[in-house]
Amino acid sequence: MSDAPPPIRVLVCDDQELVRTGYVTIFSAQPDLEVVGEAENGHAAVEAARRLRPDVVVMDIRMPLLDGIQATRQLAGPGAGEPPKVLVVTTFNVDAHVYDALRAGASGFLLKDAPPAELVNGIRTVARGEALLSPAVTRHLIGHYAEHLRPAESARPAREDVVRALTPRELDVLRQMAEGLSNAEIAAELYITPETVKTYVSRILAKLALRDRVQAVVLAYRVGLASGTP
């Protein structure tokens with residue numbers, strides 16, 4: 001009897017049949033991935049995800065009837081019971097709604113022109129419960145959406161709550177996360193081991209009741225704890 005874990009169940013959602021076919025071909029070639037369905041619009045994506053219960057939904061943003069942001073919010077937003085992980089795959093330079101998708105509950109995002117190996121690794125990453133927020137894309141996101149990320153006055157009490165909840169070292173780690181640094185880069189910056197960084201990240205998520213690293217980065221900017229905010 002094999003001790004191999006069950007394959008990761010994947011739902012592919014994109015309005016272009018050629019793109020879906022390409023994803024299915026790439027993912028089906030992996031022994032640890034199983035494509036359980038496809039959807040060509042947001043409504044179909046929500047229905048299929050609730051019926052098929054995939055582990056990961058690969059979600060395009062620009063789809064007819066219901067866009068990927070709304071579909072993500074229905075599947076993984078506040079109040080969603082046992083949500084799947086949502087990996088947004090988008091044309092970043094064209095689509096101005098990636099930040100909204102992350103706030104809607106996505107566990108991460110990749111560019112559509114990412115190499116197949118990166119797409120496959122992205123699915124595995126979010127399936128493990130880790131956020132996929134690459135440092136390069138995080139910096140790009142921050143640069144393009146700084147106005148949306150800056151905290152309002154109403155966020156100040158939330159900032160105080162965060163500061164009270166975290167130790168000084170945890171605040172340091174959160175600020176480095178918001179800069180888009182990987183665990184290895186944070187470890188180098190703070191002169192600690194990557195394993196220690198991972199422990200700090202877990203504590204930050206638990207203390208702030210956050211699902212993943214993406215939510216931590218968004219929160220850091222919303223409450224003004226990142227260096228790019230006042």
Side-chain angles (χ1 to χ4, degrees), residues 6-134 137-138 140-141 145 211-215 218:
I8 299 168
R9 294 166 52 82
V10 182
L11 174 65
V12 174
C13 307
D14 196 289
D15 64 331
Q16 299 181 50
E17 184 176 0
L18 185 60
V19 173
R20 294 199 308 274
T21 300
Y23 286 162
V24 170
T25 301
I26 293 168
F27 302 154
S28 297
Q30 305 300 314
D32 60 335
L33 303 184
E34 177 188 0
V35 177
V36 297
E38 302 177 40
E40 71 281 359
N41 61 65
H43 281 310
V46 172
E47 187 279 328
R50 290 173 174 169
R51 174 170 49 86
L52 299 171
R53 302 182 66 81
D55 301 305
V56 177
V57 178
V58 177
M59 183 78 77
D60 185 27
I61 288 183
R62 295 196 170 190
M63 293 189 293
L65 302 184
L66 185 72
D67 65 36
I69 295 173
Q70 295 299 324
T72 296
R73 185 172 289 112
Q74 290 189 27
L75 291 175
E82 299 183 10
K85 306 296 183 182
V86 178
L87 175 61
V88 171
V89 183
T90 184
T91 305
F92 190 87
N93 288 333
V94 174
D95 207 315
H97 303 294
V98 176
Y99 175 69
D100 292 334
L102 296 178
R103 291 193 64 186
S107 292
F109 63 90
L110 287 172
L111 306 186
K112 277 194 173 181
D113 59 1
E118 190 172 340
L119 290 170
V120 170
N121 184 62
I123 290 174
R124 293 171 179 149
T125 298
V126 299
R128 290 195 301 266
E130 302 173 19
L132 183 67
L133 198 63
S134 72
V137 179
T138 301
H140 198 175
L141 177 72
Y145 301 107
R211 187 184 61 225
D212 55 35
R213 196 184 190 101
V214 171
Q215 290 189 346
V218 171

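We use all heavy atoms of the structure for the numbers below, so side chains are in, but hydrogens, waters and symmetry mates are not.
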message: Using the rule given for side chain to side chain contact (heavy atoms under 4.5 Å, CB included), can you reason through Val46 versus Leu66, listing the C-alpha separation, both sets of side-chain angles and the distance that settles it, and then say yes or no?
response: CA-CA 9 Å; Val46 172; Leu66 185 72; 4.1 Å; yes
- prompt: Does Lys112 come within less than 4.0 Å of Asp60, counting only side-chain N to carboxylate O?
  reply: yes
query: Take atom CZ in Arg50; do more than 12 heavy atoms of anything else shown fall under 6.0 Å from it?
result: yes
query: Quick check: does any side chain N or O of Asp67 sit under 3.5 Å from a backbone N or O of Arg62, one acting as donor and the other as acceptor?
result: no
task: Rounded to the nearest 0.5 Å, what's the gap from CD on Glu34 to CG on Asp55? Could you check?
output: 9.0 Å
task: With side chain to side chain contact (heavy atoms under 4.5 Å, CB included) as the test, would you mind laying out the steps for Val12 and Val35 before giving the verdict?
output: CA-CA 7 Å; Val12 174; Val35 177; 4.3 Å; yes
message: Give me the atom names and distance for the closest heavy-atom approach of Pro64 to Asn41.
response: O-CB, 3.2 Å
- prompt: Is Arg124 salt-bridged to Asp32, going by a charged N under 4.0 Å from an acidic O?
  reply: yes
message: Would Val120 and Leu33 count as a side chain to side chain contact (heavy atoms under 4.5 Å, CB included) here? Give the steps.
response: CA-CA 9 Å; Val120 170; Leu33 303 184; 4.0 Å; yes
- request: Walk me through it: do Glu38 and Val24 pass the test side chain to side chain contact (heavy atoms under 4.5 Å, CB included)?
  value: CA-CA 9 Å; Glu38 302 177 40; Val24 170; 3.7 Å; yes
task: To the nearest 0.5 Å, tell me how far Gln16 CD sits from Tyr23 OH.
output: 9.0 Å
- prompt: Sub-3.5 Å donor-acceptor pair from the side chain of Arg20 to the main-chain atoms of Asp14, do we have one?
  reply: yes
task: Could you pull out the closest heavy-atom pair between Leu52 and Gly37, with the gap in Å?
output: CD1-CA, 4.0 Å
Heavy-atom pair with the smallest gap, counting every atom of Ala127 and Val56: CB-CG2, 3.8 Å
